[in-house]
Protein chains: 2
Amino acid sequence: MQLLRADIIDGALQPGSKLKLEMLRERYEIGAAPLREALSRLAGEGLVVAQEQRGFIVSGMSVEEANDIGELRLLLEIEALRSSLRLGDEQWQTRVITAYHWLDRVERAPNPGNGRLDELERRNFDFHEALVSACDRRWTLHLRGIVFRQHERYRRLSRIHSAKTRQVSDEHRALFDAALERNEEAVVAVVTSHIRRTTKAVTEALRKRQGDEGNT
Amino acid sequence: MQLLRADIIDGALQPGSKLKLEMLRERYEIGAAPLREALSRLAGEGLVVAQEQRGFIVSGMSVEEANDIGELRLLLEIEALRSSLRLGDEQWQTRVITAYHWLDRVERAPNPGNGRLDELERRNFDFHEALVSACDRRWTLHLRGIVFRQHERYRRLSRIHSAKTRQVSDEHRALFDAALERNEEAVVAVVTSHIRRTTKAVTEALRKRQGDEGNT
DNA sequence: CCATTTGTAAATATCGATTTTTTTATTGAC
DNA sequence: GTCAATAAAAAAATCGATATTTACAAATGG
């Protein structure tokens, strides 16, 4: 299940592609029943689409959805952050500091080689996760999780086309500083431009990809 | 699946209760495989919780979650409404007018007997659905759907304790008028007080219920 | 030559039975 | 009498096989 989800998010299983049960059973070496359960759960959160009597497909990607998801990510992230900033205790601070430390380390690393991309993504995830980790709103976190994963799928796509991590690193620093100061408005401002910038890069990458496909 | 979901939402299957597979198989007359798939999908959207190797339970209800869900409902409903008001064409208008007509009819009906409660809830659903039906943001609608269903679960609870539908009817009228005028800010204002009022009633009902349980 | 139909192959969905895990009950020791 | 260990029962998860359904291809009729 985790593997399947990861393969969808990182694009190993392409958007829109049919998920042949037989093929997946071989790939992950599991039976039909657990596989269908996993797919059903993913369908519930929208990563795959169940087509009655016609199996499952990886849910599609488009410029429209990229914008939609970007705005939702923003909305939910802000909700979670506001709550987390208010409730965060010392342990929260420690989590944020630690997570930022590792993220910064990877972002500063000289070689952003293909192997490091996964680590970068993981550290990025951990950092944002740490920031909202004091939020006590279960449902906000649940929905944020769903949207975050979708957003990550799009983000990966843009990484393939343009790998300018410089400014992202600065944005993370600003986010880190504002968070520790418990300055809600500053955090909101930073995260807003951070996410909107990402969305912009994603839509550009998507348009480019659609263009490429037209020439194939 | 639809039946199972309905039974969870209308409280036939109580929050926190264990979902014995054998029992459910009898109740809905289906095999284990489709049942587990349905439960997995519901787990994906959070109506049930899957406990590894220990089956499924109906996800719990609490005052904290009621508030969380209420605020999310508000957030997502506003997003969807704004988009829908901008894009709505003549067909949208027709859908809204029709849906309001039926809702109004049920709300005005003299006898809000137990049988009518389901219809009221369905018409209410249809009306709100019609209002956002011109929104083209798939993900916003998807998340709104998840939250709406959760919110409905809580709303039903409050209906049991207090059945004052008078003011709700007025709120719907105001919402209807503002929507047809395409007055975004007015719609937002009305829907905000509408949902917040609902949340308040729900939390009161919940506290009352928790009190009752203490005396059992 | 195109459209509709029929047959075949592939894939999906479902069922019944088996295996594994958890929970409950019982026994024995301290 | 209480706790721990063990045995029995119940429940959940998984597997292999079967029954539907859909997709594709060939053939027939217009």
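Keep in mind the model is a prediction, meaning the values are calculated, not measured. Just so we're on the same page: letters track the sequence lines, and every chain starts at 1.
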What is the distance from [atom1] of [X] to [atom2] of [N], rounded to the nearest Å?
{"X": "B:Leu39", "N": "D:dA11", "atom1": "CG", "atom2": "P", "answer": "16 Å"}
{"X": "B:Leu19", "N": "D:dA12", "atom1": "CG", "atom2": "P", "answer": "9 Å"}
{"X": "B:Leu24", "N": "D:dA13", "atom1": "CG", "atom2": "P", "answer": "12 Å"}
{"X": "A:Gln51", "N": "D:dT22", "atom1": "CD", "atom2": "P", "answer": "12 Å"}

The contact string for nucleotides 6-11 of chain C, one letter per nucleotide 5' to 3', using protein heavy atoms under 4.0 Å with B, S and - for base, sugar-phosphate only and none, comes out as ------
Counting only heavy atoms not in A:Arg105 (residues, nucleotides, ligands), do more than 12 fall under 6.0 Å from its CZ?
no
Would you say the ring centroid of A:His151 lies under 6.0 angstrom from that of A:His128?
no
Distances for protein N/O vs nucleotides 14-23 of chain C N/O pairs under 3.5 angstrom?
{"residue": "C:dC15", "atom": "OP2", "partner": "B:Gly31", "partner atom": "N", "Å": "3.0"}

Between B:Phe127 and B:His172, what is the ring plane arrangement, given parallel below 30°, perpendicular above 60°, and tilted in between?
perpendicular
Give B:Leu35 one of three labels, base, sugar-phosphate or nothing, depending on what nucleic acid heavy atoms sit under 4.0 Å from its own.
nothing
Atom pair CG (B:Leu141) and CZ (B:Arg137), whose distance is rounded to the nearest 0.5 Å
9.0 Å
Check whether the side chains of B:Gln150 and A:Trp139 place a donor and an acceptor atom closer than 3.5 Å, and report yes or no.
no
State, without any angle test, whether B:Arg95 and B:Ser133 hold a side-chain donor-acceptor pair at a distance under 3.5 Å.
yes
Would B:Arg149 pass as a cation-pi partner of B:Phe125, given that its NZ or CZ must be under 6.0 Å from the six-membered ring centre and within 45 degrees of the axis?
no
Compute both the distance and the angle, then confirm whether A:Arg153 meets the cation-pi test with A:Phe148: under 6.0 Å from the six-membered ring centre, within 45 degrees of the axis.
no
